[in-house]
Visitor: 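Got a structure for you, questions after.
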There are 2 protein chains.
Amino acid sequence: MTGHRGTASIRDVARAAGVSYQTVSRVINDHPSVSPPTRQTVLDTIERLEYRPNRAARALAGGPVQSVTVLASNTSLYGFAAALEGIEEATREFGFVMGVRVVEPDTPAGVRDAVERAIEPAGAIIVIAFDKAGVDALASVPATVPVAAMVPAPTEGEHPARSSVWIDEYAAAKEATNYLLRLGHTTVHHLSIPSWTGATKRMLGWRSALQEAGLSVPKPLLAGWEASWGYEAGGKLAKKRDVTAVLCGNDDIAVGCIRAMHDAGRSVPEDVSIIGFDDVPLAQFYTPALTTVRQDFKALGRVCFAKLLSGLANGTREQRLRYPVAQLVIRESAGPPPKPSHRHATTLPAHGRAVPVNKRAFARLSKEK
Amino acid sequence: MTGHRGTASIRDVARAAGVSYQTVSRVINDHPSVSPPTRQTVLDTIERLEYRPNRAARALAGGPVQSVTVLASNTSLYGFAAALEGIEEATREFGFVMGVRVVEPDTPAGVRDAVERAIEPAGAIIVIAFDKAGVDALASVPATVPVAAMVPAPTEGEHPARSSVWIDEYAAAKEATNYLLRLGHTTVHHLSIPSWTGATKRMLGWRSALQEAGLSVPKPLLAGWEASWGYEAGGKLAKKRDVTAVLCGNDDIAVGCIRAMHDAGRSVPEDVSIIGFDDVPLAQFYTPALTTVRQDFKALGRVCFAKLLSGLANGTREQRLRYPVAQLVIRESAGPPPKPSHRHATTLPAHGRAVPVNKRAFARLSKEK
DNA sequence: AAGTCCGATGTGACCGATCACAATAGCCGA
DNA sequence: TCGGCTATTGTGATCGGTCACATCGGACTT
């Protein structure tokens, strides 16, 4: 073995197989002009010597890179983390290497830098563009770099070269809203995740359901991604007596909202119905268990990688990819609205059990930020 | 510019600065024998040409690699995800590139393969060895590869070359247990995360508190990492009337346990007190808000990277690293035990409000797995 | 004033792969 | 029988860095 680093190189394999190093290179890159017996000999030798192509050398020489860097503004929020998990699985399956780089929002220079540093070692990029930071990053990726993106919804004038994937959530948001209306609620409010385009698909689905039912559409609140935003916005909604149903942009927001309702003395689902979005693993264990719209981000991650790969493989077998579809999961956090006769007995809701306004908790949560 | 790939190379910089490429190499590697004026000229040229060293070439030539691969069995459980986040931040700060590879447990070949594939592109490795899969992976890393690990507790005969970091959680677990005892509970049960060594530090802290109080130590349940395990184990504990306080190995388990208690007709914290571990971001928004032991995994991730770096920098400034310390956070899920006189009125606890056994929910949760 | 040492810089080879191009062989038809 | 074509294989240069070693002054010894 020549390489003093312990691993076999392409020339070691060539020598052992009695061919030239170029032939070995052809074999590992599936080049057509290698005779079957030669190919087999080389493959056997590769196996025997436990040879693995060196990524650095390959990248340097301009060969296929087989590594991807994921750009995201966050790695621990459920949607992002689950997507990352799916991408990782897929890269592993295809022998790719996955890198991760967080892109800091709100600093144009930072975004450029992140993109640059992501391109350099990888060659291919996946952008999780659920939020503005991601979209900015996607926009800064030069056209020469293979890229795929996970987006909240298909863009109108989608650049054909920019392949993107998304979860079909419009119908499910509509269904969730209709579900609440069927339960007897006279309207449904919406605590949305932020959107830089003015409206998310889930928001449009919600709006459409209300409009089709001939109802006026309440002003949606853009509440951020985190539970604290849900709590804050929920606190405002809790003050309005006519709010009996809230569709939240994600499960964290829903949890915050439920807590805010609780602290305001309104119980869920007896007084207010709350539906989340995502179906985080814990959703079924909360009390009340969260009625929510399931989104399979892990599958989306896999699909996204597949899309990137099909772009890389330059036109071969561009099989139709199945995009995940969101799906309403009914549990406990939504139910019929309280009886109209009880509407004004705010501190003594339907069940007749007192739910005091939890002032201490309110103070604590405000303090903890 | 020579490089037809658009970026400047070390030779371009050399030509522009009027020095040899080797001098440029010396400058970017902080080699001492370069005269200050020359160094400055080169640095200016680098700036002007927007030169960035090529990772692939550097790795190929055996230079400093500046990239790390994180090996973990999971990337979305809170502790793992938060640690990853911390590592990512640190790598970004130091101009490193971070890769992630999931190591599948229970397949020795898979572990070896994961390690091998992690070493190849990176050169340095961080292992999140909170669980058995991680420990196995750590064990398979060849001694020649720079590595740092995050572990649940310092190992006894710790290999000096294997640098590892951990959170000091013993005292906090003890404090949490004592807190429950002070509230009046006659004993505290423990739903532990799994341990391959027989006992986690948090388990030892809990045990020690009980022993010092002269109490007998109940058999701990090793319940896995996920909420479903907490639910299952919690269901068993709920049947025992003398269980009034449970210390859970993490917050997810705590949530599952609370739900199990709820479904068994026992409310938290009125009938049973529950304390979690980790302080996940949502802990304060749950109802009841989780009393838990905070662990700063993000900080641990940063420390771990720092440790790896100090090993890489070969002996220079090995500053004492501050390990994170776990800390009890008191919220709502733990309180005084129910009055002894009410002990047997199981369906009508202290508050006099009926909490029916939630059979439907129980069935649903069992079905959803 | 000659010899020695050291700081600063330059030259050649190499890491492990790829690309472009050359070379060899075998087969066919004219 | 010979030229030409194609299928297969081999050779040299290259990617962008690093390492080992050579070179060259100038300061310091003796």
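All heavy atoms count here, side chains included; hydrogens, waters and symmetry mates do not. Convention: sequence-line order gives letters A, B, ...; per-chain numbering from 1.
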Visitor: Write down the distance between CG (B:Leu60) and C1' (C:dA13), rounded to a whole number of angstrom.
Guide: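 B:Leu60 atom CG is separated from C:dA13 atom C1' by 13 Å.
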Visitor: Describe the nucleic acid contact of B:Arg52 in one word from base, sugar-phosphate, nothing, applying a heavy-atom distance below 4.0 Å.
Guide: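 Result for B:Arg52 = sugar-phosphate.
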Visitor: C:dC15 C1' sits how many Å from A:Asp12 CG, rounded?
Guide: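 To the nearest whole Å, that distance equals 12 Å.
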Visitor: Kindly write out the residues that satisfy side-chain hydrogen bond (donor to acceptor under 3.5 Å, both in side chains) with A:Thr69, not counting sequence neighbours, or none if the list is empty.
Guide: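 A:Thr69 satisfies side-chain hydrogen bond (donor to acceptor under 3.5 Å, both in side chains) with no residue once adjacent residues are dropped.
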Visitor: Which of residues 35-46 of chain B have a heavy atom under 4.0 Å from DNA chain C?
Guide: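 Hits under 4.0 Å, by residue number: B:Ser35, B:Thr38.
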Visitor: My understanding is that only residues two or more places apart in sequence, or in another chain, count here; which of them pass side-chain hydrogen bond (donor to acceptor under 3.5 Å, both in side chains) with B:Gln40?
Guide: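 Testing B:Gln40 for side-chain hydrogen bond (donor to acceptor under 3.5 Å, both in side chains), a comparison that skips the adjacent residues, returns B:Asp44.
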Visitor: Report the C-alpha distance between B:Ser25 and B:Ile10 in whole Å, list the side-chain angles of each, state the deciding distance to 0.1 Å, and finish with yes or no for side chain to side chain contact (heavy atoms under 4.5 Å, CB included).
Guide: CA-CA 7 Å; B:Ser25 173; B:Ile10 196 173; 3.7 Å; yes
Visitor: Would you please name every residue forming a ring pair (Phe, Tyr, Trp, His ring centres under 6.0 Å) with B:Tyr21, sequence neighbours left out?
Guide: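 So B:Tyr21 forms no ring pair (Phe, Tyr, Trp, His ring centres under 6.0 Å) with any residue.
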Visitor: Under 4.0 Å between a side-chain N/O of A:Ser9 and OP1 or OP2 of C:dG16, yes or no?
Guide: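 Indeed not, no polar side-chain atom of A:Ser9 lies that close.
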Visitor: Which residues pass the ring pair (Phe, Tyr, Trp, His ring centres under 6.0 Å) test with B:Phe96, sequence neighbours left out?
Guide: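 Expected list: B:Phe305.
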Visitor: Axis-to-axis angle across the helix from C:dA1-D:dT30 to C:dA30-D:dT1, five pairs an end, to 10 degrees?
Guide: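 Taking five pairs per end, the axes differ by 50°.
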Visitor: Side-chain donor-acceptor contacts of residues 102-113 of chain A below 3.5 Å, not counting sequence neighbours, with atom names and distances?
Guide:
residue  : atom : partner  : partner atom : Å
A:Glu104 : OE2  : B:Arg92  : NH1          : 3.0
A:Asp113 : OD1  : B:Arg52  : NH2          : 3.0
A:Asp113 : OD2  : A:Arg117 : NE           : 3.1

Visitor: What nucleotide, of C:dT9, D:dG16, D:dT8, holds the atom closest to the side chain of A:Ser33?
Guide: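 Output: D:dT8.
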Visitor: Reading nucleotides 18-28 of chain C from the 5' end, what letters show protein touch, with B for base, S for backbone sugar-phosphate only, - for no heavy atom under 4.0 Å?
Guide: BBB--------
Visitor: Verify side-chain hydrogen bond (donor to acceptor under 3.5 Å, both in side chains) between B:Glu85 and A:Thr75, making sure each step is shown before the conclusion.
Guide: CA-CA 7 Å; B:Glu85 210 174 359; A:Thr75 60; 4.6 Å; no
Visitor: Which residues satisfy the salt bridge (Lys or Arg N to Asp or Glu O under 4.0 Å) test with A:Arg58, sequence neighbours excluded?
Guide: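 Scan of A:Arg58 (salt bridge (Lys or Arg N to Asp or Glu O under 4.0 Å), adjacent residues dropped) gives none.
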Visitor: Who pairs with B:Glu93 by side-chain hydrogen bond (donor to acceptor under 3.5 Å, both in side chains), at least two apart in sequence or on another chain?
Guide: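 If we apply the side-chain hydrogen bond (donor to acceptor under 3.5 Å, both in side chains) test to B:Glu93, skipping adjacent residues, the hits are B:Arg302.
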Visitor: With sequence neighbours left out, what residues match A:Gln66 under side-chain hydrogen bond (donor to acceptor under 3.5 Å, both in side chains)?
Guide: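 None.
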Visitor: For A:His31 and D:dT8, what is the distance between atoms NE2 and P respectively, to the nearest whole Å?
Guide: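 Checked: the NE2 to P distance equals 10 Å.
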Visitor: Any salt bridge (charged side-chain N to carboxylate O under 4.0 Å, His left out) pairs touching residues 24-42 of chain A, not counting sequence neighbours?
Guide: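 The answer is none; no pair qualifies.
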Visitor: Give the rounded distance in Å between these two atoms: CZ of B:Arg55 and C1' of D:dT18.
Guide: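 From B:Arg55 CZ to D:dT18 C1': 16 Å.
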